[in-house]
Amino acid sequence: MRIGAHVRQDNDPIGRAEELGAEVLQMFVTDPQEWGKPHPHPLAQQIRDSPIDVVVHSSYRINVASLNNRLRMPSRQAVINQAQAAADLGAFGLVVHGGHLRDDEDAATGYENWRKLFERAADKGGFPVPILIENTAGGDNALARSLENIERLWEAVGDFDNAGFCLDTCHAWAGGEDLVDIVERVRAITGRIDLLHLNNSRDEFDSARDRHANLTSGHIDPDVLVAVARAADAPVILETPEEGLADDVQYLREALS
């Protein structure tokens, strides 16, 4: 099991990961609040050559489930562009949030839009890296909040080779899912967990709020988080607050030793 963190210093991701003692890092390849096409990273060769594994998190604006063409179409293109940028860095995947719809929109169409993303990519040879769909805290219209939602989503995309899954503990907690057996229940649906985002929560259970806390300072029992990490047996990325992030890496490594 490799333990690491989301690295916010994108100008020197390997350097920051080494400071944290990380064995795996997560990074953006473009401004997470923008659509901009990624530019080649100036340290791409160093990132590819490093023994530290890399995964890329996509832009937050991406919503491939949307029924709004002005949002869905650029979202699809952004996934294509960022997946290629991830491949250029030697990353093992691109994390993409499940997305959401508006109150009056049909969820079935949203799941079908996810399938179309993979179908269109398959027609062109497939994505260059796996697309790791992440569960989200969201509200009632989020397509990957509950396990029931995730099951519908997996029915749409699970037969594609490039479809993977990223489990976020804070999102599951905020979405009203018990963490005690979350790994077993997710695997019963997806058959896999490719990446674990291990985060505590600043808010109470089923809050629908996505606010991360350091491992020992939130509403989730740290022992439960450690148990989830052990059961998932997947690369672990901590997306906890910067102050205390290095301590979180060390805490988890010692807890799992």
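Just so it is clear, the model here is predicted, and its values are computed rather than measured.
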[X] side-chain N/O to [Y] backbone N/O, donor-acceptor pair under 3.5 Å:
X	Y	answer
N200	H219	yes
R115	A156	yes
T136	G98	no
W35	S59	no
E23	I3	yes
T169	N199	yes
R192	A163	yes
N81	P38	no

Where [X] and [Y] come nearest, the two heavy atoms and their spacing:
X	Y	value
P235	D194	CD-O, 3.4 Å
I133	W154	CD1-CZ3, 4.3 Å
D53	R2	OD2-NE, 2.7 Å
A229	M1	O-CE, 3.1 Å
R76	L117	CG-CD1, 4.0 Å
C170	D210	SG-OD1, 4.3 Å

Would [X] end up clustered with [Y] when hydrophobic side chains under 4.5 Å apart are linked, directly or stepwise?
X	Y	answer
L20	I47	yes
L25	L132	no
L238	V56	yes
I131	I237	no
L252	V55	no

Can you find a heavy atom in the side chain of [X] that is under 4.5 Å from one in the side chain of [Y]?
X	Y	value
L167	I182	yes
V64	W114	yes
Y111	N149	yes
I62	Q82	yes
Q250	R253	no
N68	R102	yes
R185	D178	yes
V183	V228	yes

Quick one: pull up [atom1] in [X] and [atom2] in [Y] and give me the separation to the nearest 0.5 Å.
X	Y	atom1	atom2	result
R209	H171	CZ	NE2	14.5 Å
L147	R152	CG	CZ	14.5 Å
E134	D168	CD	CG	5.0 Å
I52	E18	CD1	CD	5.0 Å
L153	L143	CG	CG	6.5 Å
K124	I80	NZ	CD1	5.5 Å

- Task: Would you check if there is a donor-acceptor pair between the side chains of H197 and E239 at a distance under 3.5 Å?
- Result: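 Yes, a side-chain donor-acceptor pair sits under 3.5 Å.
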- Item | SB check D206 R145 (cutoff 4.0 Å) |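 So D206 pairs with R145 through a salt bridge.
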- Partner of T240 under side-chain hydrogen bond (donor to acceptor under 3.5 Å, both in side chains), chosen from D248, D247, T216: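 Between T240 and the candidates, side-chain hydrogen bond (donor to acceptor under 3.5 Å, both in side chains) is satisfied uniquely by D248.
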- Task: Test F28 against every option in R8, H6, Q33 by the side-chain contact (heavy atoms from CB on, under 4.5 Å) rule and name the one that passes.
- Result: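 Among the candidates, only H6 passes.
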- Query: Under the side chain to side chain contact (heavy atoms under 4.5 Å, CB included) test, which residues partner N63, sequence neighbours left out?
  - Reply: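 If we apply the side chain to side chain contact (heavy atoms under 4.5 Å, CB included) test to N63, skipping adjacent residues, the hits are A65, S66, L71, S75, H100.
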- Task: Check ring-ring contact (aromatic ring centres under 6.0 Å, His included) between F118 and all other residues, then give those that pass, not counting sequence neighbours.
- Result: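 ring-ring contact (aromatic ring centres under 6.0 Å, His included) check on F118 returns F127, F160.
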- Evaluate the side chain to side chain contact (heavy atoms under 4.5 Å, CB included) criterion for residues D12 and Q46: first the C-alpha distance (whole Å), next the side-chain angles of each, then the deciding distance (0.1 Å), finally the verdict. CA-CA 10 Å; D12 184 16; Q46 179 197 36; 4.1 Å; yes
Should we count [atom1] of [X] as having more than 12 external heavy atoms under 6.0 Å?
X	atom1	answer
E204	CD	no
E243	CD	no
D161	CG	no

- Message: The test is side chain to side chain contact (heavy atoms under 4.5 Å, CB included); show your working for V186 and E177 and say whether it passes.
- Response: CA-CA 11 Å; V186 167; E177 296 292 346; over 6 Å; no
- Task: Test side chain to side chain contact (heavy atoms under 4.5 Å, CB included) on I189 and F165 and set out the steps.
- Result: CA-CA 10 Å; I189 295 169; F165 191 77; over 6 Å; no
- Would E184 and R187 count as a salt bridge (Lys or Arg N to Asp or Glu O under 4.0 Å) if you check the C-alpha gap in whole Å, the side-chain angles of each, and the deciding distance to 0.1 Å? CA-CA 5 Å; E184 293 79 3; R187 281 215 180 101; over 6 Å; no
- Item | Remaining members of hydrophobic cluster (4.5 Å side-chain criterion), V180 |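 Same cluster as V180: nobody, lone residue.
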- Task: Decide side chain to side chain contact (heavy atoms under 4.5 Å, CB included) for F92 and V24; before the verdict, give the C-alpha distance in whole Å, the side-chain angles of both, and the deciding distance to 0.1 Å.
- Result: CA-CA 10 Å; F92 64 82; V24 57; 3.8 Å; yes
